[in-house]
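Not measured: the values here are computed from a predicted model. All chains are named by letter (A, B, ...) in the order of the sequence lines, taking the proteins before the strands, and each is independently numbered beginning at 1.
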2 protein chains.
Amino acid sequence: MASTARLTVLSEGLKTACSQCNLQELCLPIGLSNNDLAQLDELVSVRKRLKRHQHLYRTGDPFEAIYAVRAGSFKTSIVQEDGREQVTGFQMTSEILGLDGISAETHTCDAEALEDSEVCVIPFAKLEELSRQVEPLQHQFHKVMSREIVRDHSVMMLLGSMRAEERLAAFLLNLSQRFTARGFSHTEFHLRMTREEIGSYLGLKLETVSRAFSRFQERGLISVQQKHIHILDIDGLHAIVSQHTAL
Amino acid sequence: MASTARLTVLSEGLKTACSQCNLQELCLPIGLSNNDLAQLDELVSVRKRLKRHQHLYRTGDPFEAIYAVRAGSFKTSIVQEDGREQVTGFQMTSEILGLDGISAETHTCDAEALEDSEVCVIPFAKLEELSRQVEPLQHQFHKVMSREIVRDHSVMMLLGSMRAEERLAAFLLNLSQRFTARGFSHTEFHLRMTREEIGSYLGLKLETVSRAFSRFQERGLISVQQKHIHILDIDGLHAIVSQHTAL
DNA sequence: CGTATCCTTGATTCGCTTCAACATTAGTGG
DNA sequence: CCACTAATGTTGAAGCGAATCAAGGATACG
């Protein structure tokens with residue numbers, strides 16, 4: 001009976017504690033003292049679970065909180081009237097979602113779970129309040145926003161001046177690096193998104209993505225089996241990315 | 001005599017006062033009380049002048065301040081070893097430069113004046129300090145950062161899913177809208193950047209930009225004379241941007 | 001006033017998209 | 001648990017849009 005009661009709570013909210021979280025070192029709380037962490041625990045008190053394909057927020061939703069991915073993964077995208085979408089990012093554990101909403105107090109993109117996932121809800125007004133008191137938190141939050149800007153710039157670079165294979169190689173290397181930071185294998189992983197979503201993110205059609213995967217496999221750079229990726233020659237991938245830079 | 005002395009000061013720094021600035025309503029101080037503004041005046045005490053083609057900062061420079069464009073305009077770009085550049089943005093008066101540097105405490109792009117320009121120097125550590133005390137300032141700063149993220153997303157959209165003419169039309173409309181906000185004509189303006197820089201920003205070659213301008217002119221949408229642009233049919237431009245969306 | 005920079009325009013090439021058919025996997029209900 | 005169907009992924013052939021190559025012209029700047 002306790003378990004059923006708990007399940008109900010789980011579906012909507014569950015006590016969180018940054019101080020207990022193993023993602024601490026990658027997430028918003030980097031560099032906080034134990035005392036500061038305790039204050040953050042107060043603030044980030046609710047988690048939210050989402051099933052695959054469920055939306056965390058949609059364009060136009062009022063902005064109230066930002067979110068830290070605790071488990072699973074998401075995509076953010078801008079959807080146009082005709083239904084075509086531009087994927088603007090893929091977020092994995094410890095990454096922050098919702099920063100787009102601050103400027104207009106309304107979300108400007110959709111955030112959708114790519115698998116069953118869980119986020120920590122960080123009420124924004126409270127975050128601003130606490131970060132006025134806790135300097136390291138303030139600074140860390142600014143860094144998080146700035147990192148998003150830097151990331152966006154490198155996507156612009158990718159979209160603006162790389163060819164298809166370069167884009168895909170850069171994408172794989174980026175994933176690999178992020179998996180590594182989370183303690184997973186940097187040579188073997190599972191894609192959570194479809195070819196179409198990858199294509200949208202990289203400014204390519206899904207057929208082009210598929211073909212590029214096949215060519216990488218032919219050349220022995222990776223082995224692909226649907227969504228399972230095994231990187232066999234990471235230097236080879238790096239060489240592809242920097243080839244347009246070499247001479 | 002006083003004037004010569006003053007000129008020397010001008011070359012490096014000049015007393016600024018947000019409270020006296022006519023860009024107040026577009027810039028960081030939006031929504032500040034007179035009292036808060038006075039505090040901001042203390043902080044933003046130095047201006048910096050730059051000649052055309054001079055760099056405000058370069059990739060790798062230590063990050064110490066952000067900048068508000070007071071006069072003139074800038075481009076930011078990521079430059080690769082081979083010298084090829086990806087322009088990540090064009091900034092005009094009241095827009096903020098340097099946010100990319102917060103994350104790694106090092107600038108991650110180059111910022112170059114497109115014409116003789118002037119910026120207000122906002123020492124970042126002091127800005128964080130003051131924004132811990134002045135809530136509206138804190139909030140406004142967060143909005144500025146968020147706006148940059150939203151802008152970047154729309155550039156991704158542009159680069160990822162629009163064709164050449166759509167990109168250029170969107171670019172012209174964006175400029176028009178920004179000029180309007182600054183009290184200038186929204187149908188007639190001077191481009192501060194070259195075709196190559198526009199191309200880099202839009203992920204196109206300069207020849208493609210030039211051809212698109214010519215085609216717009218042929219169709220009576222604009223009149224172009226080198227860098228001077230006259231928009232004749234703003235709805236026509238809008239139609240081009242949204243054509244890929246209309247069915 | 002001369003020279004470097006920037007812009008325009010044409011012809012050709014190339015890479016990605018489009019269209020199409022089929023294969024595979026995942027998800028659903030009987 | 002299997003059968004069926006929808007979603008996803010692969011591969012080929014043809015078409016198209018932008019890049020590339022090339023030459024000439026306009027403009028701005030020292």
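By the ring-ring contact (aromatic ring centres under 6.0 Å, His included) test, A:F179 is found to be paired with A:F189, residues two or more places apart in sequence or in another chain being considered. When the side chain to side chain donor-acceptor pair (under 3.5 Å) test is applied to A:D152, no partner is found at least two apart in sequence or on another chain. For the side chain to side chain contact (heavy atoms under 4.5 Å, CB included) test, residues two or more places apart in sequence or in another chain that qualify with A:A113 are A:L50, A:F74, A:S117. Taking the side chain to side chain donor-acceptor pair (under 3.5 Å) definition, one finds that B:H55 meets it with B:R58, sequence neighbours left out. Here A:H238 pairs with nothing under the ring-ring contact (aromatic ring centres under 6.0 Å, His included) rule; sequence neighbours left out. Applying the ring-ring contact (aromatic ring centres under 6.0 Å, His included) criterion to A:H230, with sequence neighbours excluded, gives no partner residue. For B:S77, the side chain to side chain donor-acceptor pair (under 3.5 Å) partners two or more places apart in sequence, or in a different chain, are B:E85. Residues meeting the side chain to side chain donor-acceptor pair (under 3.5 Å) test with B:S185, sequence neighbours left out: B:T187. A:H186 meets the ring-ring contact (aromatic ring centres under 6.0 Å, His included) test with no other residue; sequence neighbours excluded.
Note on A:E95 versus A:R151: no salt bridge recorded, every NZ/NE/NH1/NH2 to OD/OE distance being 4.0 Å or above.
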Each nucleotide in nucleotides 7-16 of chain C should get exactly one letter: B, S or -. Can you fill that in based on protein heavy atoms under 4.0 Å?
SBBBB---SS

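In the helix from C:dC1-D:dG30 to C:dG30-D:dC1, the terminal helix axes, each the rotation mapping four pairs' C1' atoms onto the next four within five end pairs, subtend 60°, rounded to 10°.
The CG atom of A:L202 sits 15 Å away from the C1' atom of C:dT17 (whole-angstrom rounding).
Looking at heavy-atom distances under 4.0 Å, A:R215 makes no contact with the nucleic acid at all. Contacts of A:R167 with the nucleic acid, taken as non-hydrogen atoms under 4.0 Å apart, are absent.
With a cutoff of under 4.0 Å to any heavy atom of chain A, the contacted region of DNA chain D is bounded 5' to 3' by D:dG9 to D:dA13.
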